[in-house]
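The sequence lines fix the lettering, A, B, ..., with proteins before strands; numbering per chain opens at 1.
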2 protein chains.
Amino acid sequence: MAGVRAQQKQKTRQALIEAAFNQLSAEHSFSNLSLREVAREAGIAPTSFYRHFKDMNELGLTMVDEAGLTLRQLMRQARRRIAKGGSVINTSVHTFMEFIEQSSNQFRLLLRERSGTSPAFRAAVAREIKHFILELAHYLETETGVDTHHAHMQAEAMVTLVFSSGAEALDQEPPQRAELTERLKWQLRYIAKGASGYAKHPEPIKK
Amino acid sequence: MAGVRAQQKQKTRQALIEAAFNQLSAEHSFSNLSLREVAREAGIAPTSFYRHFKDMNELGLTMVDEAGLTLRQLMRQARRRIAKGGSVINTSVHTFMEFIEQSSNQFRLLLRERSGTSPAFRAAVAREIKHFILELAHYLETETGVDTHHAHMQAEAMVTLVFSSGAEALDQEPPQRAELTERLKWQLRYIAKGASGYAKHPEPIKK
DNA sequence: AATTTCAGCGTACAACTGTACGCTAAAATA
DNA sequence: TATTTTAGCGTACAGTTGTACGCTGAAATT
């Protein structure tokens with residue numbers, strides 16, 4: 001029942017995914033990857049690729065899913081840290097940057113394919129980011145008493161800035177990264193302050 | 001002195017540039033362009049390409065320059081309209097969206113290659129956007145009396161949001177585009193309000 | 001033990017890529 | 001008018017790509 005066979009298949013499937021992630025870099029985006037190269041790095045013949053994915057496209061979507069998973073882990077970790085009592089903006093930004101460092105290539109995929117060339121990809125990435133925004137919006141609404149609609153716009157703006165800075169950070173050295181992080185924090189504070197001023201519920205928090 | 005020869009050369013050179021721009025679309029980014037296809041659309045033999053550019057890369061950088069030019073025209077027009085007395089945020093956003101509609105493919109190039117695969121490209125695009133940010137920062141500093149450093153961060157955040165919305169707008173239909181534009185305006189207002197609160201010069205405007 | 005399933009392989013091919021090389025005709029220069 | 005320059009062409013080639021097809025051996029099923 002262990003399935004020696006299925007087990008091995010899963011293993012090379014993962015090898016393909018990892019090979020593909022490995023080949024992502026600052027100067028190599030997903031759409032430049034070739035089926036043959038990925039197969040080569042995974043240690044299988046080009047034609048064996050089709051035993052696992054119909055397409056490079058299908059591989060890509062799987063990769064987006066995996067990156068989305070990482071994104072959700074990121075969110076959970078940030079929430080946990082905030083609950084333990086850290087400044088929201090500080091710990092969120094810090095957590096995000098940590099993840100970027102650890103899982104560069106997963107973020108590279110999300111950040112690049114967000115405005116990439118394949119509609120299916122863009123949709124998949126958009127879906128993942130939407131989660132992110134909704135979650136943040138919900139938090140903002142309950143925590144600061146901002147009107148639902150404004151909470152959503154605020155969250156969207158914040159996520160945009162965070163991702164944009166993330167994209168920059170990806171290809172920078174730590175020293176410049178720190179500076180960039182500081183700037184980002186200020187910018188998020190602008191938004192938090194500005195939005196809180198613009199539209200509040202009657203009371204800052206629910207009964 | 002007219003230079004019948006040089007004139008013709010300039011003409012096909014421009015034809016190459018336009019052919020390349022034409023082949024940019026939502027599902028076709030610069031790095032997927034092929035020298036041969038561009039030459040074909042421009043109506044010359046593949047090998048003749050080299051009479052004009054050393055490389056596809058060199059073509060690309062020329063295209064970025066051209067798009068940068070358009071960006072500057074955009075800025076001038078926005079300034080003109082604001083001087084004529086329109087709300088800053090409203091007319092800026094409106095002007096930007098107008099340009100995106102008119103010169104979709106130039107913006108597509110800037111927006112995509114900003115986080116694209118070629119370092120040279122990224123640098124070139126970054127340079128163009130830096131102009132944009134500096135100009136806006138200067139405006140914010142003199143007009144709202146915000147501290148220099150904060151003015152720059154504020155400008156950066158605003159430009160990030162504008163470009164991000166622009167990228168989304170590029171592949172949307174007018175009705176959704178309008179909604180997106182409204183959201184963007186709110187987000188810019190958040191920043192304006194928030195930043196003005198955070199750090200002001202002693203006096204709102206210079207002596 | 002006999003049969004079926006299937007992950008992975010090797011061969012093969014047509015399509016496409018960038019680009020080296022040498023020619024030509026017309027414009028520019030002398 | 002004689003000479004030089006050069007934009008554009010055609011041919012040619014080696015490299016890479018995706019993928020169709022049929023085989024094999026070992027795991028799974030009967």
Side-chain angles (χ1 to χ4, degrees), chain A residues 1-25 27-63 112-113 116-121, chain B residues 1-25 27-63 112-113 116-121:
Chain A
M1 198 53 75
V4 176
R5 189 86 165 253
Q7 211 170 331
Q8 177 57 23
K9 178 165 185 181
Q10 191 64 20
K11 208 171 156 189
T12 70
R13 181 190 151 100
Q14 201 57 36
L16 279 169
I17 295 176
E18 263 171 43
F21 269 123
N22 261 340
Q23 296 188 0
L24 293 181
S25 71
E27 33 276 312
H28 226 85
S29 88
F30 180 83
S31 64
N32 312 130
L33 296 191
S34 98
L35 185 153
R36 285 178 105 104
E37 271 190 27
V38 170
R40 204 175 302 141
E41 176 157 342
I44 65 172
T47 50
S48 301
F49 179 95
Y50 297 105
R51 302 289 181 196
H52 303 272
F53 303 98
K54 175 178 141 278
D55 237 11
M56 276 299 281
N57 223 354
E58 199 175 292
L59 206 209
L61 293 179
T62 306
M63 290 165 77
R112 275 237 243 274
E113 299 313 319
T117 151
S118 147
F121 263 52
Chain B
M1 196 58 73
V4 176
R5 190 88 166 248
Q7 209 170 332
Q8 177 57 22
K9 178 164 185 181
Q10 190 64 19
K11 207 169 155 189
T12 72
R13 182 189 149 100
Q14 200 58 35
L16 280 170
I17 295 176
E18 265 169 41
F21 269 123
N22 261 341
Q23 297 188 0
L24 293 182
S25 71
E27 34 276 311
H28 225 85
S29 89
F30 180 82
S31 64
N32 311 130
L33 296 190
S34 99
L35 185 154
R36 286 177 105 105
E37 271 190 29
V38 170
R40 203 175 304 143
E41 176 156 343
I44 64 171
T47 48
S48 301
F49 179 95
Y50 298 104
R51 301 291 180 194
H52 302 272
F53 303 98
K54 173 178 143 281
D55 235 12
M56 276 297 282
N57 224 353
E58 198 175 293
L59 204 210
L61 293 179
T62 307
M63 290 166 76
R112 274 236 242 276
E113 299 313 318
T117 151
S118 147
F121 263 51

Item to check | With sequence neighbours excluded, residues passing side chain to side chain contact (heavy atoms under 4.5 Å, CB included) with B:Ile44 | outcome: B:Leu16, B:Ala39, B:Ser48

Item to check | Partners meeting side chain to side chain contact (heavy atoms under 4.5 Å, CB included) with A:Arg36 (sequence neighbours left out) | outcome: A:Ser34, A:Arg40, A:Pro46

Checklist entry - How is B:Tyr50 classified with respect to the nucleic acid when contacts are heavy atoms under 4.0 Å: base, sugar-phosphate, or nothing? => result base

Next on the checklist: By the 4.0 Å heavy-atom rule, please label A:Glu37 as base, sugar-phosphate, or nothing.
Outcome noted: sugar-phosphate

Next on the checklist: Which nucleotide wins on minimum distance to the side chain of A:Ile44, given the candidates C:dC9, C:dG18, D:dG8?
Outcome noted: C:dC9

Item to check | Given D:dC9, C:dT19, C:dA27, the nucleotide with the shortest approach to the side chain of B:Val4 | outcome: C:dA27

Just N and O in the side chain of [X]: are any of them under 4.0 Å from OP1 or OP2 of [N]?
X       : N      : answer
A:Arg40 : D:dT17 : yes
B:Ser48 : D:dC9  : yes
A:Thr12 : C:dG8  : yes

Side-chain polar contacts of residues 52-61 of chain B - donor-acceptor pairs under 3.5 angstrom, sequence neighbours left out - could you list them?
| from | atom 1 | to | atom 2 | distance (Å) |
| --- | --- | --- | --- | --- |
| B:His52 | NE2 | B:Thr12 | OG1 | 3.1 |

So how far is it from [X] [atom1] to [Y] [atom2], rounded to the nearest 0.5 Å?
X       : Y       : atom1 : atom2 : answer
B:Glu18 : B:Met63 : CD    : CE    : 10.5 Å
A:His28 : B:Ser31 : NE2   : OG    : 10.0 Å
B:Asn32 : B:Glu27 : CG    : CD    : 10.5 Å

Distance in angstrom units between [X] [atom1] and [N] [atom2], rounded:
X       : N      : atom1 : atom2 : answer
A:Leu35 : C:dA15 : CG    : C1'   : 16 Å
B:Gln14 : D:dA7  : CD    : C1'   : 17 Å
B:Gln8  : C:dA28 : CD    : P     : 11 Å
B:Asp55 : C:dA20 : CG    : P     : 11 Å
B:Leu33 : C:dC16 : CG    : C1'   : 15 Å
A:Asn32 : D:dT17 : CG    : C1'   : 14 Å
A:Met56 : D:dG18 : CE    : P     : 7 Å
A:Phe49 : D:dT16 : CZ    : C1'   : 17 Å

Checklist entry - Quick check: does any side chain N or O of B:Gln23 sit under 3.5 Å from a backbone N or O of B:Glu41, one acting as donor and the other as acceptor? => result no

Checklist entry - Considering all heavy atoms of both residues, which atom of B:Ala19 and which atom of B:Ala42 are nearest to each other, and what is their separation? => result CB-N, 4.0 Å

Item to check | Least distance between heavy atoms, A:Lys9 atom then A:Arg51 atom | outcome: NZ-O, 3.4 Å

Check nucleotides 3-6 of chain D for protein N or O atoms closer than 3.5 Å to its own N or O atoms and list the pairs.
| from | atom 1 | to | atom 2 | distance (Å) |
| --- | --- | --- | --- | --- |
| D:dT6 | O4' | B:Arg5 | NH2 | 3.0 |
| D:dT6 | O2 | B:Arg5 | NH2 | 2.6 |

Checklist entry - Sequence neighbours excluded, which residues qualify as side chain to side chain donor-acceptor pair (under 3.5 Å) partners of A:Ser118? => result none

Pairs under 3.5 angstrom, nitrogen or oxygen only, protein versus nucleotides 11-14 of chain D, please.
none

